[in-house]
Amino acid sequence: MSAVKPVSFTLVITGAPYVSQAPQTALSFARAAVSAGHAIDRVFLYGDGVHLASSLCCAPSDEVNWHREWSDFIAQQQIPAVACIASALRRGLVDDGEARRYERDAHNVQPPFRLLGLGEWVESMTSSSRVLYFQPGGGH
Amino acid sequence: MSAVKPVSFTLVITGAPYVSQAPQTALSFARAAVSAGHAIDRVFLYGDGVHLASSLCCAPSDEVNWHREWSDFIAQQQIPAVACIASALRRGLVDDGEARRYERDAHNVQPPFRLLGLGEWVESMTSSSRVLYFQPGGGH
Amino acid sequence: MSESSVADGAGMASRHAVLHILNKPPGHARTHLCLATLAATDALVLIEDAVLALASGLDTSAAVYALGPDLAARGLAADNGQTGVIVIDYEELVALAAGADKTVSW
Amino acid sequence: MSESSVADGAGMASRHAVLHILNKPPGHARTHLCLATLAATDALVLIEDAVLALASGLDTSAAVYALGPDLAARGLAADNGQTGVIVIDYEELVALAAGADKTVSW
Amino acid sequence: MSVLVIVDRSPYGSWSGRESMDMALSLAAFDQPVTLLFSGVGVNWLRAGQDPASIFQKAVERNLAAAPIFGIGALLADQQSLEDFGLDASQCVTGVMPVTVEPTLLARFDDVVCL
Amino acid sequence: MSVLVIVDRSPYGSWSGRESMDMALSLAAFDQPVTLLFSGVGVNWLRAGQDPASIFQKAVERNLAAAPIFGIGALLADQQSLEDFGLDASQCVTGVMPVTVEPTLLARFDDVVCL
């Protein structure tokens, strides 16, 4: 691995689990990056990717639980994990604070994911060596 | 309107609000159908369309609240409204009963939408005069 | 539009074996599939992003309808490059769907 | 794959100005856009549905890589109609991305 | 009522094709006549030797080969699309019938579903 | 760091194009150099005279015309795509600059974003 100089990645995920392959490919990439000694500065969920932060997704019992795989990886590696607040609210993803603000009786954003603005992504664009996008395929 | 013999429609919606135009077009169609004296047997949410049943979607204040528009229309017209349970569970939509079964501390399916199987759609295929599909465009 | 034009829409629909309803933009693989199955005696209704086909061109001998609100949203008119397209509203779309033998949503 | 081939991957990447990562299936408009911006000195990595391009054919003089697990999932091998394609794993994809001047995710 | 369910989405990159096949299986489970048609990139669902376990997804190949047992009338595939992806019958799951996609094809069915 | 944000999704049928434009506006809001490129069906975002209120959606035309005020460097449009959709500069919002989409175009930017 010494041939590759360590860099820092931000991974942007714009496809939902069990709808697109994006969260799966991103996780395989993330694990390989960490193994190779690279840093992951941030995981940023945008567009339909915010559904990866849902605490209410009930994966079929015979399929991999991508929510749990991602949550565990993020927690183990202590990677800041952000879902875009604008994408999230319009797609029915709210955390405790937004639930109060919008007077909803439930919330469904799974920590360690946090709802924050696109400024987090801009920060990655200026500070990470590479920003990669894991998107839906041609599904729709 | 007398030129058109009244028929019964089932409307299947497979695109999410604020992601695709599908729920908007479907509602305009549904309102026009009811005005013309046609019956709507059932609204069936499938695929990403299940997000229309979310109780936690917080629409931007300067945009139409499609969740409320649809809920009000369904309640006023007393149209059976179903979200496919398999599509819903893998996309993070659970009702009270499924929340208990999967041991989740919240639920986010807005009545009058109910979670039921594809058998409801099959029933529409055999009993409705026309089954129309309102799908995502070429967004992904 | 007037009620008589709604009745006209239904009358036209009754001549069409299949009413094809397309919402995909030009260039989408689904557009090709729709056109490959479109008989000259069928009718095609362009809704949502599919109305952009009026600007890029559409090669069919079938009857073509386009949903007016979707045209207006995109700054298009029926005469945007394509001739013989009939602009309809949601009421007429309902009449076409109710009057057709069969509908396919592409 | 061996560590030395990972190093090779990184070595190759350093020669490429832009690493294009494509996940759309053949026929998708994005595929055309990707190919239109692909320089002969760039590299193209096919992942997810894009690996199907090995079956349908791909016209480029740029270096082409394809993600092995996505090929296997779809029952394809590197020699499926397309010559000169280099099969890589996630480790090599990371090395390519880390070593490239710039990456574009299509 | 006989229904044609068309699958024109590619395998594994999105779940859309699976959800179409679930519809076909559901019709069959309720004893409704149903036929599957694979078109465009969708024909790649039919390729023999798929190993989706490599990307941690479930295989559909065996389900498709067993389609008649589940009550699905036929597995049709667009001849042109098969050629576009270098597929002939010997490289497909068993029971695939190539057809030409043309207007008369739809006329054989009471309903057509294409998600 | 200068960023090219590419919009190749059609207007109104999906929100994807808007979410790309939000990214461009966000970069501009944080004083990062950013350019928008419209390509394929995406060039239809640039057509003058859009009336999305007819389908109860928000207009973006005025925002695009005001792009320089928001700090967006330029509104580029693929010349071929403009022709494909029968558009010339006079039918577009003001300030659109036609370009040829080719490898050298990307070389002018440090980063390229295409959702």
Side-chain angles (χ1 to χ4, degrees), chain B residues 7-16 19-23 25-26 29 41-53 82-93 114-140, chain E residues 1-42 44-45 52 55-60 63-64 67 70-74 105-115:
Chain B
V7 300
S8 64
F9 288 106
T10 285
L11 308 184
V12 179
I13 301 175
T14 66
V19 173
S20 79
Q21 203 185 330
T25 303
F29 184 95
D41 291 332
R42 182 180 279 118
V43 171
F44 188 79
L45 310 183
Y46 193 61
D48 284 348
V50 298
H51 291 298
L52 184 59
V82 173
C84 170
I85 189 166
S87 293
L89 290 175
R90 61 175 55 195
R91 285 173 176 81
L93 270 286
R114 289 177 306 151
L115 299 186
L116 291 167
L118 269 170
E120 293 280 308
W121 168 74
V122 174
E123 209 277 322
S124 278
M125 291 291 279
T126 60
S127 64
S128 277
S129 316
R130 302 277 180 283
V131 181
L132 295 181
Y133 299 81
F134 295 88
Q135 310 179 337
H140 292 313
Chain E
M1 182 201 68
S2 74
V3 182
L4 180 69
V5 176
I6 304 178
V7 177
D8 68 349
R9 309 297 192 175
S10 45
Y12 310 118
S14 91
W15 260 247
S16 179
R18 284 199 206 189
E19 292 187 320
S20 291
M21 287 185 260
D22 285 346
M23 286 182 134
L25 289 169
S26 206
L27 285 165
F30 285 94
D31 295 323
Q32 301 297 323
V34 57
T35 296
L36 273 166
L37 167 64
F38 294 83
S39 175
V41 288
N44 291 288
W45 285 103
I55 53 168
F56 311 104
Q57 287 198 33
K58 282 197 302 183
V60 295
N63 280 1
L64 283 174
F70 290 120
I72 289 171
L105 181 63
L106 301 193
R108 290 155 51 188
F109 301 92
D110 297 315
D111 269 303
V112 179
V113 176
C114 188
L115 288 197

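In what follows, chains are A, B, ... by sequence order, proteins preceding strands, each numbered from 1.
- Between C84(B) and L118(B), the shortest heavy-atom contact is SG-CG, 4.4 Å.
- The shortest side-chain heavy-atom distance between F38(E) and V5(E) does not fall under the 4.5 Å cut-off.
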Please tabulate the donor-acceptor pairs under 3.5 angstrom that span chain B and chain E, backbone and side chains included.
unit_1	atom_1	unit_2	atom_2	d
Y46(B)	OH	E19(E)	O	2.6
R91(B)	NH1	E19(E)	OE2	3.0
R91(B)	NH2	E19(E)	OE1	3.0
R91(B)	NH2	E19(E)	OE2	3.4
Q135(B)	NE2	C114(E)	O	2.8

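- The closest side-chain heavy-atom distance from V7(E) to L36(E) is below 4.5 Å.
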Apply side-chain contact (heavy atoms from CB on, under 4.5 Å) to V3(E) and F109(E), showing your working. CA-CA 6 Å; V3(E) 182; F109(E) 301 92; over 6 Å; no
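- Counting all heavy atoms, side chain and backbone alike, V34(E) lies closest to G71(E) at CG1-O, 4.3 Å.
- When each of V50(B), L116(B), I13(B), V82(B) is paired with F44(B), the side chain to side chain contact (heavy atoms under 4.5 Å, CB included) condition holds for V82(B) and for no other.
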